[in-house]
Amino acid sequence: MDRTRRTLNIALDHARRAVELDEKNEDIAEVIETYGHSVSLLLCIIESIRREQVQSGDRSYRAEDVMRLLAIHDSYRNRMAVLSEFYGIPLPADTKARL
């Protein structure tokens, strides 16, 4: 779980950076890309937690924690999609299939 927690911190750092850039409304392509990094990492974390719970029965993450991560993931994914559509900027390749 330590690796998962480190990855979560990185994902949340990307998310914070994306929000900061989004608020400045300067480089929308960078905003979308930064949200994309966060979304991809969050999805990997969610999948990893689920896999670990099934394989080992490890319940150090509660259902509420996973639901919170899903809500954060969906929020950033949706914002990224809105910006992409509004500004006509393509989504990062690694997020297209997951939207």
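Starting from 1, each residue takes its place in the sequence as its number.
- With T34 contributing its side chain and E30 its backbone, the two residues share a donor-acceptor pair below 3.5 Å.
- Minimum heavy-atom separation, P92 to E33: CG-CA, 4.1 Å.
- A distance of 7.5 Å separates CD of E23 from CD of E20, quoted to the nearest 0.5 Å.
- Rounded to the nearest 0.5 Å, atoms OG (S40) and CD1 (I45) are 10.5 Å apart.
- Residue D74 holds its CG atom at 9.0 Å from CE of M67, rounded to the nearest 0.5 Å.
- Shortest non-hydrogen contact noted between L41 and A11 is CB-CB, 3.6 Å.
- Here the straight-line distance linking atom CD1 of I89 with atom CD1 of I32 works out to 4.5 Å at 0.5 Å rounding.
- Here CG of L69 is found 10.0 Å from OG1 of T4. Values are rounded to the nearest 0.5 Å.
- Take R50 and apply the side chain to side chain contact (heavy atoms under 4.5 Å, CB included) test, not counting sequence neighbours, and it matches I46, V66, L70.
- L12 is listed as a side-chain neighbour of L8, based on a closest heavy-atom distance under 4.5 Å.
- Annotation for V39 and R77: closest pair CG2-N, 3.5 Å, computed over non-hydrogen atoms.
- Residues satisfying the side chain to side chain donor-acceptor pair (under 3.5 Å) criterion with S75, sequence neighbours excluded, are absent altogether.
- T7 contributes a side-chain N or O that, together with a main-chain N or O of R3, makes up a donor-acceptor pair within less than 3.5 Å.
- Under the 4.5 Å side-chain heavy-atom criterion for grouping Ile, Leu, Val, Met, Phe, Trp and Tyr, Y35 is not connected to V82 through any hydrophobic cluster.
- Classification of R5 and D2 as a salt-bridged pair fails, no side-chain N sitting under 4.0 Å from a carboxylate O.
- Residue-environment remark: CD (E64) exceeds the threshold of 12 foreign heavy atoms within 6.0 Å.
- The line from OH of Y76 to CG of D22 is 10.0 Å long, rounded to the nearest 0.5 Å.
- Looking at residues two or more places apart in sequence or on another chain, you find a side chain to side chain contact (heavy atoms under 4.5 Å, CB included) between D13 and R16.
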